> 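Below: one structure in structure tokens.
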Protein chains: 4
Amino acid sequence: NDRLTLLAGPCAIESYDTCAEVVETLKNLTDKLDINYVFKASFDKANRSAIESERGAGMTAGLEVLQKIKDNYQVPIVTDVHESYQCEPVAKVADVLQIPAYLSRQTDLLVAAAKTGLVVNIKKAQFMAPEDIKSAVNKVAQTNEHILVTERGTMFGYHQLVVDMTSLIQMRDTGYPIIFDATHAVQIPSGYGNHSGGNRDYAFPLMRAALAIGIDGIFAEVHPNPPEAISDQDSQLYLSKIQPILENANKLFHEHLDMKAVYDNDELL
Amino acid sequence: NDRLTLLAGPCAIESYDTCAEVVETLKNLTDKLDINYVFKASFDKANRSAIESERGAGMTAGLEVLQKIKDNYQVPIVTDVHESYQCEPVAKVADVLQIPAYLSRQTDLLVAAAKTGLVVNIKKAQFMAPEDIKSAVNKVAQTNEHILVTERGTMFGYHQLVVDMTSLIQMRDTGYPIIFDATHAVQIPSGYGNHSGGNRDYAFPLMRAALAIGIDGIFAEVHPNPPEAISDQDSQLYLSKIQPILENANKLFHEHLDMKAVYDNDELL
Amino acid sequence: NDRLTLLAGPCAIESYDTCAEVVETLKNLTDKLDINYVFKASFDKANRSAIESERGAGMTAGLEVLQKIKDNYQVPIVTDVHESYQCEPVAKVADVLQIPAYLSRQTDLLVAAAKTGLVVNIKKAQFMAPEDIKSAVNKVAQTNEHILVTERGTMFGYHQLVVDMTSLIQMRDTGYPIIFDATHAVQIPSGYGNHSGGNRDYAFPLMRAALAIGIDGIFAEVHPNPPEAISDQDSQLYLSKIQPILENANKLFHEHLDMKAVYDNDELL
Amino acid sequence: NDRLTLLAGPCAIESYDTCAEVVETLKNLTDKLDINYVFKASFDKANRSAIESERGAGMTAGLEVLQKIKDNYQVPIVTDVHESYQCEPVAKVADVLQIPAYLSRQTDLLVAAAKTGLVVNIKKAQFMAPEDIKSAVNKVAQTNEHILVTERGTMFGYHQLVVDMTSLIQMRDTGYPIIFDATHAVQIPSGYGNHSGGNRDYAFPLMRAALAIGIDGIFAEVHPNPPEAISDQDSQLYLSKIQPILENANKLFHEHLDMKAVYDNDELL
């Protein structure tokens with residue numbers, strides 16, 4: 001594909017208004033930049049570190065918000081599913097079902113998502129080697145060839161993620177589009193003991209690095225006021241600062257396409 | 001507690017006969033050695049690397065086998081659950097519900113397991129720092145104080161686990177009994193590309209190391225013929241060789257109890 | 001600085017002719033591209049895995065070759081030192097003294113290199129956190145402010161390196177120019193048991209990623225015939241294929257400079 | 001060998017009196033317990049994080065102290081060497097030359113140590129896979145078969161070591177005695193930014209775990225007043241608390257010998 005894809009929105013469905021504020025800005029911006037845009041928000045934060053942390057709208061209320069966003073802004077929707085039974089009801093609203101990284105080996109969930117016929121976005125687990133994503137992909141591909149594969153970092157010691165940029169190259173062997181999740185990649189897992197921290201400042205540089213390697217799309221959590229978000233306060237990007245990030249990301253995406261057109265692989269390596 | 005606990009049995013419920021062969025030997029042996037014995041087998045291998053790999057008996061048939069083992073051998077049963085809906089039916093047969101390591105952050109599953117009132121054995125995820133097990137424990141402890149915590153190794157690079165023995169000490173801060181899973185700790189995740197390998201020879205030495213640190217129980221997969229098992233062929237222990245392992249493990253368990261009785265912590269460190 | 005710097009040449013000083021062949025091509029190319037070029041070759045491979053492996057020319061013969069290259073091609077020279085006593089004699093020929101990554105905590109070596117007054121290129125150890133490079137830098141900066149800092153990957157499990165691209169940002173806090181070593185970053189340490197392997201194909205993509213993050217220079221080993229080299233056969237780049245790599249790298253370097261000129265950091269993050 | 005070996009003493013040679021205080025206690029204790037005792041202290045802390053940190057007595061003054069300890073207490077001496085030129089003068093006093101972990105791939109240092117004919121204790125680098133110690137051992141074994149191999153932990157992410165207890169088994173394949181360094185294994189590398197921290201409380205449990213796996217000796221830094229030591233304040237053991245540690249360690253050492261005598265390996269695994 002010769003257009004950049006963007007999966008972006010607030011981490012959790014906090015309210016219709018927050019979602020609408022984000023989608024309005026991102027829809028306008030991506031229209032101008034010729035970027036494929038998919039709105040992202042989660043109805044449930046199903047694996048919060050702490051039982052006390054807010055989990056968001058829940059499935060029923062969350063899907064209502066997503067349907068309203070879809071109707072009012074004409075954008076496709078991506079949201080994550082956590083247990084098999086959720087795939088069918090969520091598929092009535094969403095266009096892309098996302099498999100959370102920790103769950104990317106759960107056969108039943110992958111198969112149930114595949115059976116909806118929607119696009120399935122598989123996040124590579126933080127405990128998975130790049131080549132192991134093939135096994136996860138195979139579980140979906142038996143019934144459904146609409147697959148995205150997302151890199152979001154790998155455990156490196158305790159409370160630390162690292163992005164192995166070569167994984168983007170290795171994952172390309174699956175033959176499916178590769179997405180780089182720039183805001184989860186900068187999380188500090190359980191960095192505050194009972195909730196995760198993050199290094200928001202590294203999201204844009206890592207996004208640039210991934211685009212320089214060559215990817216098909218970017219995943220990013222974007223919020224009008226990240227410090228007040230109910231989750232991922234330290235890693236979501238500010239909606240007010242997203243424009244230059246997307247402009248530059250789009251430019252690098254096309255620089256990589258151009259490079260590939262000029263040189264073939266053998267010549268370079 | 002002043003008796004060692006053993007959670008052991010074949011990885012998967014392959015047949016009633018395999019289960020019976022294992023439980024018969026282990027029941028006799030643990031009776032003689034004054035070890036608390038809980039029979040373990042899984043009705044579903046829900047996160048196999050490859051979609052083609054066998055998953056075992058399934059929930060309905062599997063629970064029937066477990067019930068028959070329980071009736072015929074008078075042993076408590078531990079088995080794992082993978083999605084919330086399984087907790088209630090499984091609780092009708094099992095005495096201990098086990099949360100698989102990859103799922104140990106899934107709030108719904110932990111809460112559903114807790115609500116059965118059974119003992120819940122939480123395996124610490126391969127991506128989790130030792131102190132983070134507290135957050136998982138808290139999700140269960142809100143409704144159910146019958147908790148076991150199990151160490152089974154931590155990701156160390158790709159396709160490699162390492163057992164951080166200090167995690168056993170840190171996990172003790174939860175106040176709940178600590179189990180060491182000696183056979184999953186020696187797995188080589190996705191070591192064969194589409195299925196996991198293992199170093200069976202390291203299971204007993206690591207078990208000894210954990211007992212020397214101080215644990216309450218051992219988890220081990222034991223099979224009459226590991227190379228022919230449908231899963232974990234390289235890590236399950238041979239049933240025919242289990243006796244000296246358990247004898248020696250029990251001895252080390254009591255050596256540690258004796259040491260603690262003689263010296264208090266302050267004196268030693 | 002507004003020009004890209006390149007430290008490049010064969011891994012070891014195998015002969016004057018090999019060195020001359022490499023320097024001739026790289027000098028011409030970097031002149032055309034307005035890249036600062038420094039010729040690199042090692043007189044001793046002092047930490048080969050195996051005692052049987054070739055170590056190269058040795059200090060006396062090696063320095064003679066380097067002097068001849070310098071005289072004939074008018075290029076500055078970088079080479080590495082392994083024990084303190086080598087700094088003085090090597091400084092008579094070299095323009096940049098390089099501290100090998102494994103030795104980057106050895107105070108005596110850093111201080112001896114600093115005292116020569118030459119530029120000191122400190123490679124960040126594979127066992128060092130990004131912020132720890134500051135302590136190494138301080139050991140040199142007490143007597144000598146001419147410092148380069150080089151990233152070459154970090155241990156990630158056994159026999160595996162990973163490049164944490166955020167380290168390039170963190171190392172920038174030292175205030176000194178940051179170099180990315182693209183060919184050592186793709187090594188597989190002791191990957192063949194008694195010698196190291198490598199993934200040559202990842203060197204250019206990682207170089208691009210580092211340039212997208214923002215660096216001042218590139219380090220790369222380049223050889224007329226890598227499979228016949230006495231060391232790093234799997235990671236050195238082919239001299240015959242270096243032109244498009246350098247052209248593209250230079251372009252990305254200037255793209256990053258331009259981006260920084262347009263947007264300031266606050267706006268982007 | 002059927003006796004436990006202990007390499008122990010203060011981290012640095014701070015003064016003759018500190019050394020004498022430690023050796024007096026340890027000599028008496030190990031005599032009573034039938035433990036082989038070697039006094040350990042370093043004349044130079046050659047790889048301190050910070051240039052400002054104290055490095056100890058220096059080679060000349062340090063060797064004088066070591067000689068006096070040797071004369072007055074009739075104990076063999078182990079101390080570390082950092083550059084090749086030190087091996088010969090140090091060998092005039094020491095009985096065992098120790099290769100620091102970071103330097104365990106430096107061929108010249110290993111060969112120079114080997115040539116003295118003394119016992120060479122090679123510490124496995126924090127960046128080295130267990131099987132890679134064979135290459136280091138080979139560099140010494142070409143001229144000198146008196147070798148000890150020491151495990152002291154492996155890098156696990158940033159600022160974190162982990163002890164892979166299976167390394168003790170793998171290193172045994174070298175055929176040389178295996179030592180476990182219990183106090184460096186609990187270091188937190190650069191944990192305070194410009195100096196290392198440590199978890200002293202984990203040294204004894206890890207020592208027990210290593211003895212349960214099976215080792216030939218223990219390395220431990222012991223100081224009359226660790227918080228006032230010039231180095232490794234958080235990891236050195238209190239001299240006043242060493243007796244029960246050594247008694248218990250010796251007991252576990254013999255328990256392991258007894259176990260091996262009863263069962264052979266095939267029976268157990």
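Each chain gets a letter, A, B and so on, in the order the sequences are listed, and its residues count up from 1. Keep in mind that what you see is a predicted model, and the values were worked out from it rather than measured.
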> Between CD of C:Glu83 and CD of D:Glu83, what distance do you get to the nearest 0.5 Å?
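Here the interatomic distance stands at 4.5 Å.
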
> Quick one: what part of C:Asp108 sits under 4.5 Å from any heavy atom of chain D, side chain, backbone, both or neither?
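Both backbone and side chain.
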
> Rounded to the nearest 0.5 Å, how far apart are CD of C:Glu131 and CG of D:Asn194?
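So the gap between those two atoms works out to 12.0 Å.
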
> For the pair D:Glu52 and C:Lys139, evaluate side chain to side chain contact (heavy atoms under 4.5 Å, CB included) and give the outcome as yes or no after the intermediate values.
CA-CA 9 Å; D:Glu52 298 82 6; C:Lys139 293 178 184 178; over 6 Å; no

> With side chains defined as the heavy atoms from C-beta onward, is the minimum distance between C:Ile51 and D:Val111 less than 4.5 Å?
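Touching, per the 4.5 Å side-chain cut-off.
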
> For atom CD of D:Glu88, is the number of surrounding heavy atoms from other residues, nucleotides or ligands below 6.0 Å larger than 12?
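Atom CD in D:Glu88 is not crowded, with 12 or fewer foreign heavy atoms closer than 6.0 Å.
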
> Is C:Val162 close to chain D through its backbone or its side chain, or both, or neither, when contacts mean heavy atoms under 4.5 Å?
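Contact with chain D is absent: no heavy atom of C:Val162 under 4.5 Å.
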
> Under a 3.5 Å threshold, yes or no: a donor from one side chain and an acceptor from the other, between D:Ser49 and C:Arg105?
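A donor-acceptor contact under 3.5 Å links the two side chains.
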
> Report which part of D:Ala46 has an atom under 4.5 Å of a heavy atom belonging to chain C: side chain, backbone, both, or neither.
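Looking at D:Ala46, backbone and side chain both touch chain C.
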
> For C:Leu103, is it the side chain, the backbone, both, or neither that has a heavy atom closer than 4.5 Å to a heavy atom of chain D?
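Contact with chain D is through the side chain of C:Leu103 alone.
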
> For D:Asp132 and C:Tyr158, which I'm curious about, is there any donor-acceptor pair between the side chains at under 3.5 Å?
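No pair is found: no donor N or O on one side chain lies under 3.5 Å from an acceptor on the other.
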
> I'd like to verify something: which residue of C:Gln126, C:Gln142, C:Gln106 has the highest number of heavy-atom pairs under 4.5 Å with chain D?
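It is C:Gln106.
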
> Report the option among D:Pro130, D:Pro189, D:Gly157 that has the most heavy-atom pairs separated by less than 4.5 Å from atoms of chain C.
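Among D:Pro130, D:Pro189, D:Gly157, the one with the most close pairs to chain C is D:Pro130.
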
> Looking at D:Gly193, D:Ser84, D:Ala136, which one has more heavy-atom pairs under 4.5 Å with chain C than the rest?
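Winner by heavy-atom pair count: D:Ser84.
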
> Hey, are the side chains of C:Met128 and D:His159 touching, using non-hydrogen atoms and a 4.5 Å cut-off?
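A side-chain contact under 4.5 Å is absent here.
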
